[in-house]
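Report on the following structure.
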Amino acid sequence: MMRLKKSLYAVLCLMAGVCTLSGCIEEYEAELSSEEYNLLVVDGSICANQMNEFTLSRTQSIYSTDFYELVLGASVSVRGSDGSLHMAQEDHGRYYCWIGVLNPDVDYYLHIETDGDVYESDPQKPLPTEGIADVRGAQSTPESNIDVLVTPDVPYQSDKENYYAWTYDETWEVHADYTTHIFFDIKSMKAVFKADQFPEIGWKDATGRTMAVGTSLSYGGQHIRQLKIYDLNPSDERIFHKYSGLVHQRAISKAEYEYELARSQAGSDMGGLFTPLPSALPTNISCLTSHKHVIGFVGCSLNTTDYRFFLNAKDFTINRPQIYDRRIWFENTTMDDCLQMVKEGKFLCEWQDRRMEPGGKLKTAWATEFQLDVRYKGAYIETPVFWPSE
């Protein structure tokens with residue numbers, strides 16, 4: 001959604017700035033209708049058996065420093081042609097409502113009341129969604145990104161074109177810079193074994209930045225196979241060790257598919273000369289009390305399907321940045337050196353004692369807590385329930 005709002009802002013900025021380039025002969029001030037920069041933007045879909053989130057905002061003037069402004073205090077509900085009603089609760093411009101089972105024979109729509117106007121999406125029957133047969137990673141060359149490819153199950157209707165939308169959540173493994181299983185005992189003045197001083201492995205989570213959409217038009221039997229929905233840069237820490245994605249699949253209508261394509265193009269063009277005005281984007285939301293334009297498309301799904309997959313770094317060509325040893329080394333360590341390191345809050349990592357050999361020395365290495373505790377990398381250390389045991 002942020003990507004769309006930035007692109008809309010860029011479109012309006014371009015119109016005001018295109019005639020102020022160095023080659024212009026006379027100054028021109030763009031005259032834009034207030035409706036072009038005060039459009040209601042609706043983001044969200046009606047989905048069964050989950051918490052539904054709807055975000056309401058308005059596009060801003062080209063002179064505004066903000067890309068968008070959240071709409072507060074609106075009344076938002078999901079309604080059905082059978083009289084069913086699901087009221088949403090607001091949380092700082094985002095509206096949430098739990099929806100259980102939807103009736104496949106009932107038309108559902110989003111109802112919004114804000115700033116004295118009433119808006120509704122077109123009523124539509126919820127679309128059923130097939131399962132996901134497979135999700136896998138593929139790297140075409142050692143230098144290329146790792147593509148995430150999805151294959152839905154055999155479609156319910158193989159005689160007509162099918163449309164889908166995919167989103168995803170991510171979890172990946174993070175390792176500390178260094179590990180240690182010893183510490184310096186100031187009483188005995190020597191290295192002592194001690195396991196699990198610092199958490200060495202942790203995890204991070206993220207929600208995918210984009211939504212992917214696809215059509216079965218070019219596939220035999222209207223069955224999509226190994227369609228790329230996003231990729232991973234081999235230089236990204238997410239793929240340095242082990243990565244997991246949870247892909248969410250939802251069947252969508254052709255109209256919603258076309259809206260998402262237009263939204264994606266608007267985001268990639270970022271204000272190109274031929275980028276349409278925001279009001280030209282397709283929508284299925286209307287203002288019932290005026291002729292105001294609305295941006296957004298509210299789909300309706302009978303269900304969504306999920307698929308979790310894992311990628312291991314050893315199966316791909318990964319470009320980890322070269323890491324120089326930033327630990328503090330002593331080639332000929334004295335006990336005073338060790339005590340000083342402990343005093344400074346350093347921790348013993350290496351203890352190579354050759355003093356019993358002719359000319360042998362004690363070599364040590366020391367690191368900080370920041371280098372040894374993976375939590376300082378922003379990771380959490382509770383193993384995810386779905387993470388496979390080694």
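The closest side-chain donor-acceptor pair between T304 and Q50 falls under 3.5 angstrom. If you check the side chains of T364 and Q352, you find no donor sitting under 3.5 Å from an acceptor. Between the side chains of H92 and E90, no donor N or O sits under 3.5 Å from an acceptor N or O. Residues S244 and R308 bring a donor and an acceptor atom of their side chains to less than 3.5 Å of each other. Between the side chains of H86 and N52, no donor N or O sits under 3.5 Å from an acceptor N or O. Residues Y168 and E170 have side chains that never bring a donor and an acceptor to within less than 3.5 angstrom of each other. T334 and D336 share no donor-acceptor pair across their side chains, judged by distance under 3.5 Å alone. Checked by atom type, the side-chain pair E130/Y164 shows a donor-acceptor distance below 3.5 Å. Defined by atom type and a distance below 3.5 Å, a donor-acceptor pair is present between the side-chain atoms of D117 and T289. There is a side-chain donor-acceptor pair under 3.5 Å between Y380 and D205.
Of the possible polar contacts, none joining the T55 side chain to the D43 backbone as a donor-acceptor pair under 3.5 Å is found. A donor-acceptor contact shorter than 3.5 Å is absent between the side chain of S216 and the backbone of H223. One N or O on the side chain of N284 and one on the backbone of V298 form a donor-acceptor pair closer than 3.5 Å. Put simply, the side chain of T180 gets close to the backbone of I182: a donor and an acceptor are under 3.5 Å apart. The closest donor-acceptor contact from the side chain of N312 to the backbone of F310 lies at 3.5 Å or more, if one exists at all. Checked by atom type and distance alone, the side chain of E173 never pairs as donor or acceptor with a backbone atom of Y243 at under 3.5 Å. The closest donor-acceptor contact from the side chain of S158 to the backbone of P155 lies at 3.5 Å or more, if one exists at all. Side chain of N145 to backbone of D147: no donor-acceptor contact under 3.5 angstrom is found. For the pair S75 (side chain) and E113 (backbone), a donor-acceptor distance under 3.5 Å is absent. Under the 3.5 Å distance criterion, the side-chain polar atoms of E200 are left unmatched by any main-chain donor or acceptor of V374.
With contacts defined as side-chain heavy-atom distances shorter than 4.5 Å, the pair S301/C47 qualifies. Residues V247 and I132 are in side-chain contact: their nearest non-hydrogen atoms beyond the backbone lie under 4.5 Å apart. With contacts defined as side-chain heavy-atom distances shorter than 4.5 Å, the pair C97/V78 qualifies. Counting heavy atoms from C-beta outward, L227 and L149 have side chains that stay 4.5 Å or more apart. Contact of the Q139 side chain with the P234 side chain is registered, since non-hydrogen atoms from C-beta on lie closer than 4.5 Å. The closest side-chain heavy-atom distance from Y119 to V294 is below 4.5 Å. Here the side chains of V41 and T59 are in contact, with some heavy-atom distance below 4.5 Å. Looking at F330 and K363, their side chains never come closer than 4.5 Å, going by heavy atoms from C-beta outward.
Note that NZ of K190 is 5.0 Å distant from OG of S188, once rounded to the nearest 0.5 Å. For the atom pair CG of L302 and CG of L102, the computed distance is 6.5 Å after rounding to the nearest 0.5 Å. With values rounded to the nearest 0.5 angstrom, R225 atom CZ is found 8.0 Å from T151 atom OG1. Put simply, CG on D153 and OG1 on T129 are 11.5 Å apart, with the number rounded to the nearest 0.5 Å. Within the model, atoms CD1 of I229 and CE of M211 stand 12.0 Å from one another, a figure rounded to the nearest 0.5 Å. Taken from CE in M341 to CZ in F347, the straight-line distance is 12.0 Å, to the nearest 0.5 Å.
Between E237 and K204 there is a salt bridge, since a side-chain N of the basic residue sits under 4.0 Å from a carboxylate O of the acidic one. Classification of D177 and K377 as a salt-bridged pair holds, one side-chain N sitting under 4.0 Å from a carboxylate O. Looking at D236 and R238, a side-chain N of the basic residue comes within less than 4.0 Å of a carboxylate O on the acidic one, giving a salt bridge.
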Report the C-alpha separation of R58 and E69 in whole Å, then their side-chain angles, then the decisive distance to 0.1 Å, and conclude whether the salt bridge (Lys or Arg N to Asp or Glu O under 4.0 Å) test is met. CA-CA 5 Å; R58 291 192 182 276; E69 179 182 2; over 6 Å; no

Could you please spell out the steps behind the side-chain contact (heavy atoms from CB on, under 4.5 Å) verdict for K292 and L40? CA-CA 9 Å; K292 294 179 180 178; L40 179 66; over 6 Å; no

Intermediate values then yes/no, side-chain contact (heavy atoms from CB on, under 4.5 Å), Q222 and E161: CA-CA 6 Å; Q222 301 294 344; E161 191 171 357; 4.1 Å; yes

Could you go through S253 and Q124, starting from their C-alpha distance and side-chain angles, then the distance that decides it, and tell me whether this counts as side-chain hydrogen bond (donor to acceptor under 3.5 Å, both in side chains)? CA-CA 10 Å; S253 65; Q124 54 194 307; 4.9 Å; no

Is there a side-chain contact (heavy atoms from CB on, under 4.5 Å) between N162 and T215 once you walk through the steps? CA-CA 6 Å; N162 297 284; T215 173; over 6 Å; no

Go through the steps for I318 and I146 under the test side-chain contact (heavy atoms from CB on, under 4.5 Å), then give the verdict. CA-CA 10 Å; I318 305 302; I146 300 167; 4.1 Å; yes

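No more than 12 heavy-atom neighbours from other residues, nucleotides or ligands sit within 6.0 angstrom of CZ on F370. No more than 12 heavy atoms of other residues, nucleotides or ligands shown are found within 6.0 angstrom of CZ on R136. Counting heavy-atom neighbours within 6.0 Å of D196 CG, excluding the residue itself, gives a total of 12 or less. Few gaps surround CG on L339; more than 12 heavy atoms of other groups in view lie less than 6.0 Å from it.
Closest approach of Y307 and A133 over heavy atoms only: CE1-O, 3.7 Å. In terms of heavy atoms, P128 sits closest to Y156 at CB-CE1, 3.9 Å. Closest non-hydrogen pair, T171 versus P384, comes out as CG2-CG, 4.2 Å. The two atoms that bring W351 and M189 nearest to each other are CH2-O, 4.4 Å, heavy atoms only. Annotation for A195 and H181: closest pair CA-ND1, 3.9 Å, computed over non-hydrogen atoms. Nearest approach of D107 to K125, heavy atoms of both residues: OD1-CG, 3.1 Å.
Residues Y219 and V150 fall within the same hydrophobic cluster, defined by Ile, Leu, Val, Met, Phe, Trp and Tyr side chains chained together at heavy-atom separations under 4.5 Å. Put simply, I381 and V174 are part of the same group of oily side chains (I, L, V, M, F, W, Y) that touch within less than 4.5 Å, one to the next. A single hydrophobic cluster is seen to contain both Y108 and I285, as judged by linkage of ILVMFWY side chains at heavy-atom distances under 4.5 Å, directly or through other members. Transitive grouping of hydrophobic side chains (ILVMFWY, heavy atoms separated by less than 4.5 Å) brings V106 and I99 into a common cluster.
Aromatic pair W166/Y230: ring centres not closer than 6.0 Å. Residues F54 and Y95 keep their aromatic ring centres 6.0 Å or farther apart.
Taking the ring centre of F183 as origin, the terminal cationic atom of K194 falls inside the region bounded by 6.0 Å and 45° from the ring axis.
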